[in-house]
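Written below as structure tokens is the structure these notes are about.
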Amino acid sequence: MITYDDEVVCAPRAGTLYDVLELILDRGMVIDVFVRVSLVGIEILKVDARIVVASVDTYLRFAEACNRLDLEHDVRSKTVPEMFGSPVAKTVGRAGARRTARSLTDKVRDVLAPEHEEAAEAEARTRERAERPRSRPAARPRGEDDRPRSRPRRRTETEDE
Amino acid sequence: MTAPTTTAPESAPESAPESAAAPKALYVYGIAPAGIRTPRSRGVDGAPVRLLTEAGLCAAVSAAPPRLRPRRRDLLAHQAVLDELAEQGPVLPMRFAVLSPRTDTLLTQLRSDAAHLTQQLDGVRGCVELNVKGTVVPGHFADLVRRDDRLRTLALQTRRRPDYEANVRLGEAIALGVRREARRAAREVVDRLAPLAVRTVQGATDDEQVLSASFLLRSADEARFREAVAERARACGDRLALSVTGPLPCYSFVDPRPASPAGR
């Protein structure tokens, strides 16, 4: 029964802790005659799991990417996943995302601070145009073509306490 | 790894000595029909899990730790015990950190609330919970800038007179547009998936995670459901990244606070 595992990221049976955290903490039964222990640190835990990404850094990164768009001529611009660097491209390619606080942080960091990728990016852009010219991101072929060249790194669940 | 079974109770009253069970607090994992196998997973704080049976129901419990904190390994232990129970049939999962002050309190509760609990078990029998989360993907943003006149104008203006403020404004407008598109995609996802489910519950979202919904599915429909998620993921992958977790114990589909008191 391991059907779409490769296309959608179907977490293993139990999922990662962060995938089920809100369910364990906020759903499920509480019976009145029982006691729910108040948990010190639980708010911090939840905040850790839900980092809000809206920030000036994100905005500037968007603006920068936007400024590299060809807005005069509609065609042949490169698709955004490549522009935004590998993590997002991988996410799109996999059509899914493991959302752990860690992966999110990684993603944000990678998206926001990829200075070292500029050269590689420019190179990728040229290759992109040469190999797979296409008009709109929406028209991207699905499936294998979209796979990033290197497999997304598997996040081993070895987070500390 | 063997934890002491004689943990000092925090809230156990000194009175009412029980003959059968010592008066100490119990950590409660979940309630299932009687007759199931005792979970082998260690419980919270490494304590062994046992079953207390009453009125055709049983509760999976372990000795409450002296101090309960939401540690990673304890959260996972809670989940693992419930997973084992859910593999065997319907289970009503407790929220993390629910204690019964004493054994007799728990047994009385099972007895007095048996009808209601049984009815809830029937409600999730043969079903699993699948949780679908969706996070914003800016994959279509170039398309968005070209399509949206306001964004396009703003982008061209910024290009003519680039400065910090203008860039922040442009970026913020784009981020907002990207998020709006992701939220729209998330609504479409729920619209497509909900008909496949017995019930649907939506959870909290934020600027990055714009979809968090749980679906109660008959086990037989799980494959079809995953197919539908995959189809949606392909259709909206440039706006929304989907992930599926499950099958899970039906956390989101139990009555959070059964009304009837234990009548103590």
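Because the structure is a prediction, the values reported are computed rather than measured. Just so it is clear: chains get the letters A, B, ... in the order the sequence lines come, proteins before strands, and each one is counted from 1.
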Exercise for the section: Against chain A, label B/I31 side chain, backbone, both or neither, depending on which of its atoms sit under 4.5 Å from a heavy atom there. Expected result: side chain
Fill in the blank from the handout: Answer key: most heavy-atom pairs under 4.5 Å with chain A among B/C236, B/P93, B/G203 is B/P93
Handout entry: chain A contact via B/N131 - side chain, backbone, both or neither, heavy atoms under 4.5 Å
Key = side chain
Problem - Side chain to side chain, A/L69 and B/R146, heavy atoms closer than 4.5 Å - result: yes
Practice task
Decide yes or no for A/D26 and B/Y251: does some side-chain heavy atom of the first lie under 4.5 Å from some side-chain heavy atom of the second?
Solution key: no
Completion exercise
Most heavy-atom pairs under 4.5 Å with chain A, out of B/T158, B/L176, B/L156, belong to B/L156
Practice task
Begin with the C-alpha distance, continue with both residues' side-chain angles, and end with the deciding distance and a verdict on side chain to side chain contact (heavy atoms under 4.5 Å, CB included) for B/L75 and A/V20.
Solution key: CA-CA 10 Å; B/L75 290 160; A/V20 295; over 6 Å; no
Exercise for the section: Check for a donor-acceptor pair, side chain of A/R27 on one end and backbone N or O of B/C250 on the other, with a separation under 3.5 Å. Expected result: no
Completion exercise
Taking every heavy atom of A/C66 against every heavy atom of B/F141, the minimum-distance pair comes out as N-CZ, 3.7 Å
Exercise for the section: Indicate the atoms forming the closest heavy-atom contact of A/F62 with B/G171, along with that distance. Expected result: CB-CA, 3.9 Å
Handout entry: Closest contact, heavy atoms only, A/N67 versus B/A155
Key = OD1-O, 4.4 Å
Practice task
Quickly, which of B/V98, B/V28, B/L117 forms a side-chain contact (heavy atoms from CB on, under 4.5 Å) with A/M29? Name it, please.
Solution key: B/L117
